[in-house]
Amino acid sequence: MPVYEYLPHELARLSVLRKATGLDLNQIMERVRLAQEREARASTGPQEPKSLSELHIAVLQHDQWRRIAHVTAELQMPVYEPAEDPRAIRYEQQRLRRLEEDRAHAGEPDGQAPIELLRHRVYRITGRPLGEQAPGGADFVIHLMAGSLSEAASRAWNAYGRPDGPYRGNGHQITSVEQVLPEPGELF
């Protein structure tokens with residue numbers, strides 16, 4: 001069975017589109033300001049080794065809020081509606097086309113092969129070397145996609161917690177695992 005997995009940029013975009021729906025331009029501009037502040041905070045935080053990072057997520061969401069503000073003003077929408085946003089419509093068409101291509105590549109002649117939608121989330125994992133009790137920031141921060149909080153914690157433990165893991169040494173203590181995309185409570 002083919003698998004369709006939402007990509008991080010799709011999760012960020014869908015999250016912003018859902019939050020923007022029904023907001024007026026003033027409310028959207030406030031969200032642009034908040035997204036800009038989040039991006040600024042993320043740019044001064046610890047730099048992560050992977051491309052899926054707090055900064056990357058903040059940039060994706062800030063860009064999307066700015067784009068929605070521009071479209072709302074340009075089309076003079078009283079409130080933002082994705083169905084009236086040409087780019088939001090194009091994004092959804094591209095996502096559906098990718099889904100159909102996955103089905104077609106599954107080998108079914110009619111292109112209607114069943115497909116499993118992976119409801120992966122993006123999790124932020126923080127930790128510090130074992131034995132260190134220093135208050136404040138963490139020694140490392142990573143973001144990864146996983147199907148559940150426990151899967152994310154397990155993958156982080158395998159990479160950082162085991163003394164014989166890929167990050168050899170004294171091992172690390174995982175201090176927190178939290179879902180960041182989509183935000184908790186949002187369903188896709």
Side-chain angles (χ1 to χ4, degrees), residues 2-106 111-113 115-126 141-147 149 152 178-188:
V3 173
Y4 181 88
E5 182 175 12
Y6 283 95
L7 302 173
H9 70 273
E10 289 176 318
L11 290 172
R13 182 173 53 239
L14 289 169
S15 176
V16 171
L17 284 173
R18 281 191 170 74
K19 289 176 190 170
T21 302
L23 298 181
D24 65 29
L25 186 57
N26 290 332
Q27 293 168 314
I28 292 170
M29 292 307 293
E30 175 63 15
R31 297 290 177 105
V32 169
R33 186 187 65 73
L34 293 172
Q36 183 177 14
E37 288 175 4
R38 179 181 177 194
E39 184 178 339
R41 278 191 312 274
S43 68
T44 61
Q47 297 305 306
E48 298 173 53
K50 308 258 183 195
S51 63
L52 181 57
S53 67
E54 181 69 24
L55 179 59
H56 181 70
I57 293 167
V59 167
L60 289 171
Q61 290 183 329
H62 184 210
D63 288 347
Q64 196 63 217
W65 279 112
R66 282 195 327 244
R67 188 195 69 72
I68 289 171
H70 175 76
V71 166
T72 303
E74 185 178 287
L75 298 180
Q76 299 178 353
M77 294 182 200
V79 295
Y80 177 75
E81 183 58 50
E84 297 176 26
D85 179 350
R87 189 173 293 173
I89 293 167
R90 189 170 62 244
Y91 286 151
E92 184 60 13
Q93 289 170 341
Q94 289 170 348
R95 189 187 69 77
L96 292 173
R97 189 169 35 255
R98 184 165 73 95
L99 179 64
E100 289 305 315
E101 287 171 2
D102 287 351
R103 280 193 173 126
H105 284 85
Q112 296 301 314
I115 194 158
E116 178 185 357
L117 291 176
L118 292 183
R119 303 291 184 180
H120 280 172
R121 307 292 196 240
V122 175
Y123 293 92
R124 176 186 309 116
I125 293 94
T126 59
V141 176
I142 59 168
H143 287 75
L144 55 88
M145 290 189 75
L149 187 122
E178 61 182 315
Q179 179 180 322
V180 293
L181 278 179
E183 290 183 13
E186 289 184 345
L187 298 175
F188 287 97

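It should be emphasised that the depicted structure is a prediction, and the values quoted were computed from it without experimental measurement. Computed from heavy atoms alone, side chains included, the values below leave out hydrogens, waters and symmetry copies.
Side-chain contact annotation: Arg66 with His70, donor-acceptor N/O pair under 3.5 Å absent.
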Chi angles and distances behind the side chain to side chain contact (heavy atoms under 4.5 Å, CB included) call for Leu34, Glu37: CA-CA 5 Å; Leu34 293 172; Glu37 288 175 4; 4.0 Å; yes
| task | Start with the C-alpha distance between Gln36 and His62, add both sets of side-chain angles, then the distance that settles side-chain hydrogen bond (donor to acceptor under 3.5 Å, both in side chains), and finish with yes or no. | result | CA-CA 6 Å; Gln36 183 177 14; His62 184 210; 4.6 Å; no
Full working for side-chain hydrogen bond (donor to acceptor under 3.5 Å, both in side chains) between Arg90 and Gln93: CA-CA 5 Å; Arg90 189 170 62 244; Gln93 289 170 341; over 6 Å; no
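Separating the CD1 atom in Ile68 from the CG atom in Leu23 is a distance of 9.0 Å, to the nearest 0.5 Å. In this structure, the separation between NZ on Lys19 and OG1 on Thr21 is 12.0 Å, given to the nearest 0.5 Å. Atom CE of Met77 and atom CG of Asp24 lie 13.0 Å apart (nearest 0.5 Å). Atom-to-atom distance recorded for Glu81:CD and Thr72:OG1 is 10.5 Å, nearest 0.5 angstrom. Rounded to the nearest 0.5 angstrom, Gln64 CD and Arg31 CZ are separated by 13.5 Å. With rounding to the nearest 0.5 Å, the separation of CD in Glu92 from CG in Asp85 is 12.0 Å.
Of all heavy-atom pairs spanning Leu17 and Ala88, the tightest one is CD2-CB, 4.2 Å. When all heavy atoms are compared, the tightest approach of Pro82 to Ile89 is O-CG1, 3.9 Å. The two residues Ala42 and Ala58 make their nearest non-hydrogen contact at CB-CB, 4.2 Å. Minimum heavy-atom separation, Ala20 to Trp65: CB-CZ3, 3.6 Å. When all heavy atoms of Leu25 and Ala73 are compared, the closest pair comes out as CD2-CB, 4.0 Å.
No donor-acceptor pair closer than 3.5 Å links the side chain of Tyr123 to the backbone N or O of Ala146.
Glu39 pairs in a side-chain contact (heavy atoms from CB on, under 4.5 Å) with only one of the listed residues (Ile57, Leu60, Leu55), which is Leu55.
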